[in-house]
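What you see below is based on every heavy atom in this structure, not just the backbone, and it leaves out hydrogens, waters and symmetry mates. Predicted model only: the values in this text are computed from it and were never measured.
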Amino acid sequence: MSSDKDKGLAIILVSALVFFSNSGGFLMANVVLGDMGEVDFMPPIFNIVCGVMITLSIAGMLYGFRLRKES
């Protein structure tokens with residue numbers, strides 16, 4: 001294996017970990033914190049942060065797949 005394939009695999013694994021953990025955070029913000037009337041500012045913050053991290057992890061996965069394909 002070349003170093004680009006190893007780097008691509010590492011990027012894919014880290015991106016998948018970030019994707020699944022932030023998907024759980026996104027669900028938590030909508031299901032658990034969405035029902036609380038007292039804390040109105042937390043779900044939008046969690047939604048924004050989790051949404052940005054999910055987008056970055058998808059971009060990282062695509063970049064990792066491209067690195068593996070080119071090698």
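- Contact record, Arg68 with Lys5: NH1-O, 3.0 Å, taken as the closest heavy-atom pair.
- Checking Ile11, Asp6, Leu13 one by one against Leu9, the side chain to side chain contact (heavy atoms under 4.5 Å, CB included) holds for a single residue, Leu13.
- The nearest pair of heavy atoms linking Leu67 to Asp4 is CB-O, 4.0 Å.
- Sorted by first and then second residue, the pairs that involve residues 50-66 and meet salt bridge (charged side-chain N to carboxylate O under 4.0 Å, His left out), not counting sequence neighbours, are Arg66-Glu70.
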Please tabulate, for side-chain N and O atoms in residues 49-65, each donor-acceptor pair with protein atoms closer than 3.5 Å (sequence neighbours left out).
{"unit_1": "Thr55", "atom_1": "OG1", "unit_2": "Gly51", "atom_2": "O", "d": "2.8"}
{"unit_1": "Ser57", "atom_1": "OG", "unit_2": "Met53", "atom_2": "O", "d": "3.3"}
{"unit_1": "Ser57", "atom_1": "OG", "unit_2": "Ile54", "atom_2": "O", "d": "2.8"}

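- Annotation: salt bridge (charged side-chain N to carboxylate O under 4.0 Å, His left out) contacts involving residues 13-27, sequence neighbours excluded, are absent.
- Checked against side-chain contact (heavy atoms from CB on, under 4.5 Å), Leu17 has no partners two or more places apart in sequence or in another chain.
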